[in-house]
Colleague: 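First, the structure itself, so that you have it in front of you.
One-based numbering along the sequence shown.
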Amino acid sequence: MTWGAGRQGHEMTERVLLTSGRVVAGGALLDGASVLLEGTRVADVLTSAPTRALLQSARVLDVGGRIVAPGLIDLHIHGAAGHSFEEAAVGGDVSAAVPTDDAVPAILRHLASVGVTATQASLASDRVDVMAGRVRALHAWRDRGVAGGADLLGVHLEGPFLAEAQAGAHEPSKLRAPAAADVASLTALAPAMVTLAPELPGAVDAIRAFVAAGTVVAAGHSEATVPALAAAVEAGLTHITHLWSGQSSTTRSGPWRVPGLLEASLSSDTVTAEVIADGKHLPPALLEIARRCLGERLVVVSDATQGAGMPEGYTYGLADVRCEVRDGVGMVIGADAFGGSTTTLAAMLAHLHTGLGWPLLEVLAMGSSRPARVAGVADRKGSLSPGHDADVVVLSDGLVPWRTFVRGREVAVAS
């Protein structure tokens, strides 16, 4: 007996059979199931014992009862392992046919080593021309790919069209309203996602322009109220960047309570939203509120920085803002503000499942199938479905990555 269809007509190179696993497929956890990878695609999920012919024709990896899940997808990450995506246009020649910097490969290989098989490169607020140059450099890496690294889906512009009052770790002097010329120069590059403040002058027109370019638009670092978010959603905005971080909340106007972006986000019945579940940014009660309000529209992101994987006291930058690794999180130096996280996506999912007791399948979906839908790549990523990319993470107890496959190629896992 097999789950799903068979071969999808893709080019077949190596066949890999993952056996004796607890496979996450079809919305269920299939004990003792197997996953067959052929070349770059998932070929089949088997719920009965593999045939002798299949065992003889494939490289067999007995996973010993571990969880076999879709590879993790991190939609919001600035860097890792001592590097940031901002280095992309600094260390290499943007105009070169083959990119030359070493930061992007280092980040993507680190991500693959901790179970992330696809990601968006997030850029902090800067001058528009500088951000545009970095987008071009990152697109060169996206198109080329990095052997042994996670797939780069595209670029997430977190700024510069953000509210100064909710700047967080963004340099206030780099923030601005979305002028038509700036928007045009960025939409021409078709970034994968942009985070902006919907209440800024020109924001609704900017949202329409980005959506027309195929960009997912998110609200964040914003003082927006319910009407502003409603207008943004009508214009095509679909996502909310890191709930509770950089969001206005309830204020009073005389006796009246005026909901902010936070309450508008939680009460929406259409938008998707993300949380940083590192156990530092948000306490358990707030995570549970987000879960109850958003349901299947809630995803987890790492918002990791180049401080991820680095020791206590390591200092780094988010564009022009200086931060350091302190007590397991990024902190802005000289300010009471977080400067991104230093926690892997897999560790965040472990916090939700083993730490807070959230159901396994729900937690894994928050790091795979749901972000795939947000990014518009659910037709090829985010599930172990025949014909999908062979992006797989095998997880040991505590949701610790044990093996990772990116498009069917096994990559080194962090020890």
Colleague: Return yes if some donor-acceptor pair links the side-chain N/O of Arg41 with the main-chain N/O of Gly408 below 3.5 Å, else return no.
Modeller: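 No.
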Colleague: Is it the case that the side chains of Glu199 and Ser222 hold a donor-acceptor pair, with the cut-off being a distance below 3.5 Å and no angle test?
Modeller: yes
Colleague: Determine whether a donor-acceptor pair (N or O, by modelled atom type, separation under 3.5 Å) exists between the side chain of Ser369 and the backbone of Ser383.
Modeller: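 Not at all, since once roles are kept as given, no pair shorter than 3.5 Å links the two residues.
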Colleague: Quick one: do Val413 and Trp402 satisfy side-chain contact (heavy atoms from CB on, under 4.5 Å)? Show the steps, please.
Modeller: CA-CA 7 Å; Val413 173; Trp402 181 71; 6.0 Å; no
Colleague: Above 12 or not: heavy atoms from other molecules or residues under 6.0 Å from CG of Asp397?
Modeller: no
Colleague: Taking all atoms of both residues into account, what is the closest heavy-atom pair of Ala203 and Ala197, and its distance?
Modeller: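 Heavy atoms only, the tightest pair is CB-O, 3.6 Å.
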Colleague: Is there a donor-acceptor pair closer than 3.5 Å between any side-chain N or O of Glu171 and the backbone N or O of Ser173?
Modeller: yes
Colleague: Just by modelled atom types, is the Ala365 backbone N or O under 3.5 Å from a matching donor or acceptor in the Arg370 side chain?
Modeller: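 Checked: no pair found.
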Colleague: Donor-acceptor pair, distance only, cut-off 3.5 Å: does the side chain of Lys280 make one with the backbone of Asp327?
Modeller: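 Side chain of Lys280 to backbone of Asp327: a pair is present.
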Colleague: Is there side-chain contact between Val374 and Leu75, with heavy atoms separated by less than 4.5 Å?
Modeller: yes
Colleague: On a heavy-atom basis, which atom in Asp182 and which in Phe161 lie closest, and how many Å separate them?
Modeller: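 Heavy-atom minimum between the residues: CB-CZ, 4.0 Å.
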Colleague: Before accepting this row, confirm whether a basic side-chain N of the pair Asp391/Arg407 lies closer than 4.0 Å to the acidic partner's carboxylate O.
Modeller: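 Salt bridge absent between Asp391 and Arg407.
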Colleague: Partners of Arg59 by side chain to side chain donor-acceptor pair (under 3.5 Å), sequence neighbours excluded?
Modeller: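 Side chain to side chain donor-acceptor pair (under 3.5 Å) list for Arg59, sorted by chain: Glu14, Glu410.
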Colleague: Got more than 12 heavy atoms from elsewhere within 6.0 Å of CD, Glu234?
Modeller: no
Colleague: Side chains of Ile77 and Leu111: does their closest heavy-atom pair fall under 4.5 Å?
Modeller: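 Touching, per the 4.5 Å side-chain cut-off.
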Colleague: Indicate yes or no: at least one non-hydrogen side-chain atom of Thr117 is less than 4.5 angstrom from one of Leu72.
Modeller: no
Colleague: To the closest 0.5 Å, what do you measure between OG1 (Thr343) and CG (Asp303)?
Modeller: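 Separation between the atoms: 10.5 Å.
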Colleague: Kindly say whether the aromatic ring centers of His76 and His78 come within a distance under 6.0 Å.
Modeller: yes
Colleague: Any donor and acceptor pair, going by atom type alone, linking the side chain of Asp278 with main-chain N or O of Ser341 inside 3.5 Å?
Modeller: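 Absent.
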Colleague: How long is the span from the NE2 atom in His110 to the OG1 atom in Thr344, to the nearest 0.5 Å?
Modeller: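 His110 atom NE2 to Thr344 atom OG1 measures 7.0 Å (nearest 0.5 Å).
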Colleague: Over all heavy atoms of both residues, which pair between Glu223 and Ala163 is shortest? Give the atoms and the distance, please.
Modeller: N-CB, 4.2 Å
Colleague: Within a strict 4.5 Å, meaning less than it, do heavy atoms of the Leu237 and Leu229 side chains meet?
Modeller: yes
Colleague: Just by modelled atom types, is the Ala112 backbone N or O under 3.5 Å from a matching donor or acceptor in the Thr404 side chain?
Modeller: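 Yes: the side chain of Thr404 pairs with the backbone of Ala112.
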Colleague: Starting at CG of Leu175, measure out to CD of Gln166 and round the result to the nearest 0.5 Å.
Modeller: 11.0 Å
Colleague: With heavy-atom distances below 4.5 Å as the criterion, would you say the side chains of Val411 and Arg109 are in contact?
Modeller: no
Colleague: Is any side-chain N of the basic residue among Glu288 and Arg291 closer than 4.0 Å to the acidic one's carboxylate O?
Modeller: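 Counted as a salt bridge, because a side-chain N and a carboxylate O are separated by less than 4.0 Å.
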Colleague: Please confirm whether the backbone N or O of Gly71 pairs with a side-chain atom of Ser368, one donor and one acceptor, at under 3.5 Å?
Modeller: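 Side chain of Ser368 to backbone of Gly71, a donor-acceptor pair under 3.5 Å: no, none is there.
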Colleague: What closest approach, in Å, do Leu384 and Ala69 show between heavy atoms, and which atom pair accounts for it?
Modeller: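 It is CD1-C, 4.0 Å.
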Colleague: State, with a plain yes or no, whether a side-chain heavy atom of Val226 is found less than 4.5 Å away from one of Glu263.
Modeller: no
Colleague: Using atom types as modelled and distance alone, determine if a side-chain donor or acceptor of Arg297 lies under 3.5 Å from a backbone N or O of Ser268.
Modeller: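 At least one qualifying donor-acceptor pair exists.
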Colleague: Can you give me the closest heavy-atom contact between Pro105 and Trp141, atom names plus distance?
Modeller: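 Heavy atoms only, the tightest pair is CG-CH2, 3.4 Å.
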Colleague: Decide yes or no for Arg15 and Leu54: does some side-chain heavy atom of the first lie under 4.5 Å from some side-chain heavy atom of the second?
Modeller: yes
Colleague: I need the Glu164 CD to Leu200 CG distance, nearest 0.5 Å.
Modeller: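 One gets 10.5 Å once the value is rounded to the nearest 0.5 Å.
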Colleague: Please lay out, stage by stage, how Val275 and Val300 fare under the test side-chain contact (heavy atoms from CB on, under 4.5 Å).
Modeller: CA-CA 5 Å; Val275 287; Val300 175; 4.2 Å; yes
Colleague: Kindly give the heavy-atom pair with the smallest separation between Leu262 and Trp244, and that separation in Å.
Modeller: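 Leu262 and Trp244 have their closest heavy atoms at CD2-NE1, 3.1 Å.
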Colleague: Taking NZ, NE, NH1 and NH2 as the nitrogens, is one of them in Arg127 or Asp129 under 4.0 Å from a carboxylate oxygen of the other?
Modeller: yes
Colleague: What pairs of residues pass the ring-ring contact (aromatic ring centres under 6.0 Å, His included) test when at least one of them lies in residues 269-304, not counting sequence neighbours?
Modeller: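 For residues 269-304: His281-Phe338.
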Colleague: Are the side chains of Phe405 and Leu18 in touch, meaning some heavy atoms are under 4.5 Å apart?
Modeller: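 Yes, at least one pair of side-chain atoms sits under 4.5 Å.
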Colleague: Using 0.5 Å steps for rounding, measure from the CD1 atom of Ile207 to the OG1 atom of Thr215.
Modeller: 12.0 Å
Colleague: Do the ring planes of His221 and His170 sit parallel (below 30°), tilted (30 to 60°) or perpendicular (above 60°)?
Modeller: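 His221 vs His170 ring planes: perpendicular.
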Colleague: For side-chain contact (heavy atoms from CB on, under 4.5 Å), just list the numbers for Leu360 and Leu399, CA-CA rounded to whole Å, side-chain angles, deciding distance to a tenth of an Å, and then say yes or no.
Modeller: CA-CA 10 Å; Leu360 176 65; Leu399 301 188; 3.8 Å; yes
Colleague: Please indicate whether Arg22 has more than 12 foreign heavy atoms, meaning atoms of other residues, nucleotides or ligands, lying under 6.0 Å from its CZ.
Modeller: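 Atom CZ in Arg22 is crowded, with more than 12 foreign heavy atoms closer than 6.0 Å.
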Colleague: Backbone N or O of Gly79 within a donor-acceptor pair of the Ser84 side chain at under 3.5 Å?
Modeller: no
Colleague: Using the rule given for side-chain contact (heavy atoms from CB on, under 4.5 Å), can you reason through Met310 versus Thr342, listing the C-alpha separation, both sets of side-chain angles and the distance that settles it, and then say yes or no?
Modeller: CA-CA 8 Å; Met310 304 305 287; Thr342 60; over 6 Å; no
Colleague: So how far is it from Leu152 CG to Gln120 CD, rounded to the nearest 0.5 Å?
Modeller: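 Rounded to the nearest 0.5 Å, the CG-CD separation comes to 8.5 Å.
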